[in-house]
Amino acid sequence: MEAFQLLSRGGAKFDKRRFQKDVQLFSKAPGKTQTPSKANLADGELPKELDYFKYAAGGSGKRKTEGGGPDVVKKRKVSEEEDEPDSASEDLEENEAEDAPQRPRQRIVAKGSNVPAHADSFTELAERYQMSSLLLSNLDRYGYIYPTGIQSYGIPILLESRDLAAISPTGTGKTLSYLLPVMASLGAPSSSSNSDAGAGVRAIVVAPTRELAHQIHNECLKLAEGRKWRIVLFSKASAATLAEKATRDKVDIIITTPLRLVASLRSGSLELDNVRHLILDEADRMLDSEFFPQVEEILAACTHPSIQKAVFSATLPAGAEKMAMQMLQDPIRVVVGLKDTPLPLISQSLTYVADDPSKLPSLLTYFAQPYNPPVLIFTSSQPRATSLAQELILNGVSNVDCLHAGMTKKEREDAVSRMRRGESWVMVSTEVMARGMDFKGIREVINYDFPTSVQSYVHRIGRTGRAGREGKAVTYFTDDDAPFLKAIANVLLQSGSTVPEWILKLPKPSKLKRKQMGKVKRAETVNPARRIGRNDAIKKRDMIAGSKRRIARETRPIPLSETTGEVSS
DNA sequence: AAAAAAC
């Protein structure tokens with residue numbers, strides 16, 4: 001591992017010309033620059049639904065501290081010039097009024113009892129809820145100009161102490177949607193004269209990976225600047241410190257992964273009886289079968305009668321949503337855009353690679369041509385991530401990094417910071433990077449291994465195209481991936497990308513399976529050996545059906561493209 | 001449907 005990091009450190013220097021296209025895009029900002037300012041916030045004439053332009057201004061604005069300020073302007077320009085009434089924008093506008101909008105608009109639906117009015121600006125929020133001027137100036141300092149859709153709807157709901165299930169696409173500012181109201185309603189740090197604060201931790205944010213918890217912690221620290229909040233990124237070390245009561249009582253917010261918190265609960269070193277705010281980020285992940293038992297334990301430990309709970313995600317399958325609604329009290333459900341759908345800003349494509357051995361050559365061909373770094377590559381397992389990274393390095397690809405949960409804490413941290421500094425051109429990773437991570441300006445996501453669910457797909461490709469930027473996502477698929485191909489293809493379609501017609505003609509796997517069960521005798525579907533030598537049609541159908549009982553390896557894999565005629569009938 | 005991730 002070390003050797004390969006060394007290898008990856010060497011090689012060509014960062015080539016600025018690679019970015020020239022952007023630099024030009026950014027700097028040739030036209031007359032209508034209109035630097036976002038407070039004056040804009042005051043005009044109060046904003047539409048009820050926040051459009052992408054507005055969203056982009058708010059979201060990419062925060063990048064001005066990290067680099068490339070003018071992109072706020074750039075995005076605005078792009079949005080204004082675009083008048084592509086393509087299927088994606090139409091989808092998103094299905095509930096929109098009659099005025100034919102030139103820009104795609106987000107559809108925002110808030111359901112629940114007595115839904116608080118949304119707020120169109122941060123100043124409006126501050127006035128309505130007496131938010132501290134410090135929070136407001138920190139927003140300003142970090143370039144948050146306009147609230148995004150989810151912020152504009154979600155923040156008032158949380159500030160009015162309501163429970164919330166928030167569904168909003170990747171990269172649309174969900175983190176701020178809960179951090180801001182939590183900090184605003186905590187009022188002041190516990191250590192100061194805050195009479196009704198009580199003793200012990202007052203707010204908890206739970207996230208599925210260390211990297212994401214770390215990132216949320218950083219965001220939280222930004223908002224807290226200038227005041228002595230005690231915001232703790234929960235780790236082994238901080239857990240040990242928090243075991244002392246004197247320390248524990250002064251903590252305001254803990255940001256943690258579930259098992260870390262549960263470990264402290266079990267050891268009796270931490271009590272959550274004063275927790276007033278509990279946030280589950282990546283809620284569907286937190287409620288899946290692996291994490292849910294831990295989340296249950298956390299929920300059970302939060303015994304304060306007036307606890308506020310909220311869940312956030314870009315995806316929330318029906319089952320997870322049901323569970324979420326059960327744990328929430330009189331919740332309000334906010335959906336921005338279409339559930340389980342990527343932003344149309346991400347141009348997606350599917351690439352057929354016949355089988356696993358064909359993937360590496362395809363990827364190397366890709367890297368042999370000019371490409372836009374940084375690129376994030378997803379594999380299905382830790383060993384595959386490691387070996388793919390090594391292969392890329394051996395084949396001369398520059399600045400390759402790897403990140404998966406099998407690496408040490410330090411290795412992971414180092415990989416993330418190289419990514420943050422823009423030193424990684426190519427990051428090979430696993431599902432651990434799929435959710436929540438906000439690396440600035442990832443230009444392209446490559447699904448080297450096919451994602452195992454629509455949710456995984458949506459989150460993975462959501463690492464690009466964040467905060468109003470454009471992004472590109474390529475997904476490799478093999479014959480083995482056929483059973484799940486159509487579901488993903490539909491996601492592409494729904495978000496405005498195009499899909500080869502033959503893929504759309506694929507029947508639903510389950511349906512086909514049933515059909516096949518009717519035709520093929522039971523014994524044959526049970527015994528894979530019996531199928532060898534059968535005619536191609538059956539083999540093909542087997543592949544499409546994705547039966548676990550695969551045809552023996554010696555059978556030549558049949559490219560899916562050759563099979564469409566038959567299976568689509 | 002299944003791996004990854006959480007300590």
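A note on names: the letters A, B, ... follow the listed sequences, proteins ahead of strands, and every chain is numbered from 1.
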Whole angstrom is fine here: how far is it from [atom1] in [X] over to [atom2] in [N]?
X        : N     : atom1 : atom2 : value
A:Leu259 : B:dC7 : CG    : P     : 6 Å
A:Phe234 : B:dA6 : CZ    : C1'   : 14 Å
A:Glu290 : B:dA3 : CD    : C1'   : 9 Å
A:Arg460 : B:dA5 : CZ    : P     : 11 Å
A:His214 : B:dA6 : NE2   : P     : 13 Å
A:His459 : B:dA4 : NE2   : C1'   : 14 Å
A:Asp288 : B:dA6 : CG    : P     : 13 Å
A:Ile204 : B:dA6 : CD1   : C1'   : 16 Å

Looking at NZ of A:Lys409 and NE2 of A:His214, how far apart are the two atoms once the value is rounded to the nearest 0.5 Å? 8.0 Å
Quick one: does A:Asp281's side chain have a donor or acceptor within less than 3.5 Å of a partner on A:Val311's backbone? no
Okay, side chain of A:Gln294, backbone of A:Leu259: is any donor-acceptor separation there less than 3.5 Å? yes
Given [options], which nucleotide is nearest the side-chain atoms of [X]?
X        : options             : value
A:Glu211 : B:dC7, B:dA3, B:dA6 : B:dA6
A:Gln382 : B:dA5, B:dA6, B:dC7 : B:dA5
A:Val432 : B:dC7, B:dA3, B:dA6 : B:dA6

N/O (side chain, A:Ser456) to phosphate O (OP1/OP2, B:dA3) under 4.0 Å: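 So the side chain of A:Ser456 is outside the cut-off, no N or O lying under 4.0 Å from OP1 or OP2 of B:dA3.
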Below the 4.0 Å mark, does B:dA5 have OP1 or OP2 next to a side-chain nitrogen or oxygen of A:Thr430?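 Looking at the OP1 and OP2 atoms of B:dA5, one of them is under 4.0 Å from a side-chain N or O of A:Thr430.
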Tell me whether the side-chain N or O atoms of A:Arg285 pair up with the base of B:dA4 as donor and acceptor below 3.5 Å, since no angle test is needed here. yes
How is [X] classified with respect to the nucleic acid when contacts are heavy atoms under 4.0 Å: base, sugar-phosphate, or nothing?
X        : result
A:Arg412 : sugar-phosphate
A:Pro258 : nothing
A:Arg210 : sugar-phosphate

Within a reach of under 6.0 Å around CD of A:Glu413, are more than 12 heavy atoms found that belong to other residues, nucleotides or ligands? yes
For A:Tyr178, what residues pass the ring-ring contact (aromatic ring centres under 6.0 Å, His included) criterion, not counting sequence neighbours?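 ring-ring contact (aromatic ring centres under 6.0 Å, His included) list for A:Tyr178, sorted by chain: A:Phe312.
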